[in-house]
Amino acid sequence: MPKEILKFPVNFLWGAAGSAYQTEGGNTNTDWWAWEHSIKRMDELRARGKDPEDYFCGIACDFYNRYEEDFGLAQHLNHNCIRFGVEWSRIEPKEGFFDEAVLDHYEKMLQAAQARGLKVFLTLHHFTLPIWFRKKGGFERRENTEYFIRFVKKTAKRLEQYVDFWLTFNEPEVYSTYSYLLGVFPPQKKSIWKSWAIVDNLIYAHNKVAPILKIETGKPVSIAFHLSDLQPSGVLGGLARSLSHYFVNEYIIRRTINNCDYIGVNYYNHHHVGILGMRKNSHSKHEQTDLGWGIHPEGIERVLLNVKKYNKPIYITENGLADSKDNMREKYIKDHLFFVHRAIQQGADVRGYLYWSLIDNFEWQHGFWPKFGLIEIDREDLLRRKVRYSATKFAEICKNNRLEI
Ligand code: BGC
């Protein structure tokens, strides 16, 4: 069979993503760290027969110190961009005290990325909060958004020259659902009203801070939106799907789009929606990731075509899977890119693809066992980095700016 060659647009960005808390290590001033070490959380884990130690983020990947090595690997793998974050609780460990040494450190990190030819997407909030901010009620209170805005202004002023793209928030809807509706993330609340208030306050904070970021730094700003492919199922499935689609895929984006210069898309999920709720599509074992998530590459095309109507550049800020044996990753990436390419051909202005994640990292409530990385972190051998085979296959795509199928 002759090969089909799918070319990507000139200057397309290729890379991988991560977040501060999941990779840096030692973020002791966050609400997550406090929660992991709380008696309640540890008792819950013990009751499930688990060892709490396996669920401590601890040193994570020590990315805070080993960033040079990781950027070097990304460069070696032909990436031309990277996404990572800054940890608010490090920069402002106490209310109103900004640690200049930490800002210096982030400056060095950003310089190192730039020196490796990596354009940077910098995330300002990715699920974690400083403990002092949590004690004030976090984003539950509208007036607290002022603290976030102050932190962003200070950080941006210092780091702006090395940042190419800002992301104010990572997945506001996931944050509010997991922390305030399902009670999975700290502060483990289960209140529909609180979760609604959080979404509203994050939208408010984004709309206030994005124009400031834009004016003061001149760099494009967005949110990493968690967008899912929803398909109708059963009687009244169409109605149920439309309603869910509005709340899952439209509500936040519509209310922030005027303050987004581009659209950050995180794509992982495809669900069937009926009047009885949402369910994962049924799939045979081999179509599941290690976390049991179904693999539906075709959904990314629908998601991209849905956001095409906003007429903004689109960057895929996350797409990936947990695959410890590395026997699905290459196909997963290629299949998704096939559908990304189809969306581009139909007019979606997609300008970059960042795989989640560059290195195996702390997968929140699951601990370290899910392995998302292009690069393995050997936790038995001093966090040694080992490039996975799939990473070398992705590197070929990045280098040639094309996919061969
Ligand atoms: C989050 C990441 C997370 C990934 C895999 C995304 O929704 O932004 O922090 O690790 O999903 O679960």
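Below, each value reflects all heavy atoms present in this structure, side chains not excepted, and no hydrogens, waters or symmetry copies.
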Are Phe133 and Phe151 near enough that their ring centres are under 6.0 Å apart?
no

Taking the six-membered ring of Phe139 as reference, does the cationic atom of Arg134 (NZ for Lys, CZ for Arg) lie under 6.0 Å from its centre and within 45° of its axis?
no

According to the interplanar angle, ranging from 0 to 90°, do the rings of Phe8 and Phe12 count as parallel (below 30°), tilted (30 to 60°) or perpendicular (above 60°)?
tilted

Which of parallel (below 30°), tilted (30 to 60°) and perpendicular (above 60°) describes Trp369 and His366?
perpendicular

Derivation and outcome, ring-ring contact (aromatic ring centres under 6.0 Å, His included), residues Tyr55 and Phe362
CA-CA 9 Å; Tyr55 294 83; Phe362 178 71; 8.5 Å; no

In this structure, is the centre-to-centre distance between the rings of His206 and Phe169 below 6.0 Å?
no

I'd like to know whether Arg46 forms a salt bridge (charged side-chain N to carboxylate O under 4.0 Å, His left out) with Asp51, so could you lay out the CA-CA distance, the side-chain angles of the two residues, the decisive distance to 0.1 Å, and finally the verdict.
CA-CA 6 Å; Arg46 285 193 195 100; Asp51 181 350; over 6 Å; no

Expected list for residues 109-118: side-chain donor-acceptor pairs under 3.5 angstrom, two or more places apart:
{"residue": "Gln111", "atom": "NE2", "partner": "Tyr162", "partner atom": "OH", "Å": "2.8"}
{"residue": "Arg116", "atom": "NH1", "partner": "Gln75", "partner atom": "OE1", "Å": "3.2"}

Within 45° of the six-membered ring axis of Tyr262 and under 6.0 Å from that ring's centre, is NZ or CZ of Lys312 located there?
no

The criterion is salt bridge (charged side-chain N to carboxylate O under 4.0 Å, His left out); which residues satisfy it with Lys325, sequence neighbours excluded?
none

How are the rings of Trp132 and Tyr147 set to each other: parallel, tilted or perpendicular (split at 30° and 60°)?
perpendicular

Which of parallel (below 30°), tilted (30 to 60°) and perpendicular (above 60°) describes Phe127 and Tyr175?
parallel

Plane angle bin for Phe148 and Trp88 - parallel if under 30°, tilted between 30 and 60°, otherwise perpendicular
perpendicular

Please identify which of these residues, His226, His126, His125, meets the side chain to side chain donor-acceptor pair (under 3.5 Å) condition with Asn170.
His126

Considering residues at least two apart in sequence or located in another chain, which fulfil the ring-ring contact (aromatic ring centres under 6.0 Å, His included) criterion with Tyr251?
Trp196

